[in-house]
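Reviewing the structure listed below.
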Amino acid sequence: MTAPSATPDPTARSTVRSLVASQIREVANAGMGDPDILAFWFGEPDEVTPGYIRDTGIAAIAAGETFYTQNFGIPELRGALASYLSRLHRPLSADRIAVTASGMSALMLTAQALVSPGDRVVCVTPLWPNLTEIPKILGAEVVRVALRFDRGGWTLDVARLLDALTPGTCAVVINSPNNPTGWTLRADEQRTILDHCRKHGIWIVADDVYERLYYAGAEGRAHAANCAPSFLDIATADDRLVSTNSFSKAWLMTGWRLGWIVAPPALMADLGKLIEYNTSCSPVFVQRAGVVAIERGEPTVAHTVSRFRKARDELTLALSRVPRVETALPAGAMYAFFRVQGVTDSLAFCKQLVREAKLGLAPGSAFGPEGEGFVRWCFAATEDRLAEGIARLSRFLQRG
């Protein structure tokens with residue numbers, strides 16, 4: 001008799017099983033629920049969404065706006081975003097904008113539109129792990145090009161990046177300002193990268209979620225609003241550039257899950273299909289809140305940037321005085337990414353911090369091997385909390 005075949009295990013496909021689980025979440029799970037923990041592990045502002053934004057969402061629900069809407073977003077939000085981006089960068093039409101159910105969704109939709117199994121995708125690292133794992137979900141090969149760290153801060157060897165962007169490369173993924181380092185591409189570097197990618201037909205996927213959290217000045221640009229240099233400043237509508245963004249950080253809307261994509265006109269119809277097959281649309285009441293955030297939110301953005309700049313300056317100065325810590329002033333985003341001398345396993349180090357110092361930070365290894373030995377601290381917090389966190393870190397390091 002033939003033996004019955006073994007029943008396969010009810011598991012996900014091998015590509016998914018091989019994905020790296022979030023080490024940030026692993027550290028947080030070790031301390032969440034403990035009221036004595038000072039947590040700086042997640043990248044989230046500590047202030048609630050402003051009342052005028054919340055009230056708009058509530059009013060839309062009260063008015064019965066709870067039905068499906070257009071795949072690309074309501075016209076009012078697409079129009080508001082087009083006006084906003086045209087003020088920040090260069091003229092941009094609403095028909096190049098797709099509203100998405102979060103910045104994370106924008107990144108996944110972009111990858112689904114561009115990346116095929118076996119494709120080569122280059123990422124500038126260290127990097128928020130979602131950005132390196134998304135191409136792997138789709139079967140792509142991810143090539144990492146590491147930033148360099150010294151007392152002057154984080155820098156990119158542009159020549160090394162261009163060497164990695166060989167003919168046949170599908171895309172380069174650049175998050176600037178960067179999570180976790182705060183590194184920010186200069187305008188001249190963007191021009192060099194864009195010219196190279198044009199020559200070889202390589203897509204640029206720009207994660208611009210932190211573009212308004214920029215502290216180094218406007219670099220002589222004409223617009224009044226403070227904003228990091230962007231590929232949208234220099235690219236044409238037909239360039240192979242996709243910019244993804246989110247309401248989460250600058251407008252204090254992490255829980256609303258609202259983002260957007262700017263893409264070439266030729267890509268929009270296919271993005272529409274993918275939105276339909278992923279989320280269909282973003283909730284109308286969330287989009288109404290997004291409209292008022294864009295139209296009335298510049299004071300909120302200015303408040304957030306001013307507050308974070310002060311926190312960045314104070315935290316960086318305090319860290320520079322802690323024994324064994326090497327740090328530099330980040331140009332953008334909301335994180336200090338610093339090296340701790342003697343730490344070779346940042347995950348174990350951060351778990352020990354949770355247990356013994358009641359301090360919650362993110363391990364540098366969560367952002368790739370280039371981050372090992374480093375720790376990320378989200379400085380979107382009050383002065384008192386940051387000061388107490390520094391005190392706990394100092395006491396812990398002095399013990400060891």
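For this chain, numbers begin at 1 and follow the sequence in order.
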Exercise. Apply the test salt bridge (Lys or Arg N to Asp or Glu O under 4.0 Å) to residues Arg385 and Glu388: give CA-CA distance (whole Å), side-chain angles for both, the deciding distance (0.1 Å), then the verdict.
Key: CA-CA 5 Å; Arg385 284 179 61 84; Glu388 175 58 24; over 6 Å; no
Evaluate side chain to side chain donor-acceptor pair (under 3.5 Å) for Asp233 paired with Ser230, printing each intermediate quantity in order. CA-CA 5 Å; Asp233 296 327; Ser230 171; 4.9 Å; no
Please assess Asp95 against Ser93 for the test side chain to side chain donor-acceptor pair (under 3.5 Å), listing each intermediate value before the final yes or no.
CA-CA 5 Å; Asp95 59 3; Ser93 58; 2.5 Å; yes
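Proximity of Leu329 to Tyr215: side-chain heavy atoms (C-beta onward) are nowhere separated by under 4.5 Å. The shortest side-chain heavy-atom distance between His200 and Leu165 does not fall under the 4.5 Å cut-off. When side chains are defined from C-beta on, Gln287 does not count as touching Glu65, because their heavy atoms never get closer than 4.5 Å. A heavy-atom distance below 4.5 Å is not found between the side chains of Trp251 and Pro50. No side-chain heavy atom of Thr181 sits under 4.5 Å from any side-chain heavy atom of Phe367.
Counted by atom type alone, Asp384 and Thr382 present zero donor-acceptor pairs between their side chains at under 3.5 Å. In this model, a donor atom of one side chain and an acceptor atom of the other lie less than 3.5 Å apart for Arg120 and Thr169.
No salt bridge links Arg395 with Glu356; every basic N to acidic carboxylate O contact stays at or beyond 4.0 Å. Between Lys273 and Glu276 there is no salt bridge, since no side-chain N of the basic residue sits under 4.0 Å from a carboxylate O of the acidic one. Salt-bridge annotation for Lys351 and Asp345: absent, with no side-chain N of the basic residue lying under 4.0 Å from a carboxylate O of the acidic one. By the 4.0 Å N-to-carboxylate-O rule, Asp195 lies close enough to Arg198 to be salt-bridged with it.
Using the six-membered ring where Trp is involved, Tyr84 and Trp260 have ring planes that are perpendicular, over 60° apart on the 30 and 60° scheme. The aromatic rings of Trp154 and Phe374 lie tilted to each other, with the angle between the two planes from 30° to 60°.
In terms of modelled atom types and a separation under 3.5 Å, the side chain of Arg240 and the main chain of Gly201 share a donor-acceptor contact.
Checked against the 6.0 Å centroid criterion, the rings of Tyr210 and Tyr335 qualify as a close aromatic pair.
By the rule that hydrophobic residues join a cluster once side-chain heavy atoms approach within less than 4.5 Å of another member, Phe42 and Met334 end up as members of one cluster.
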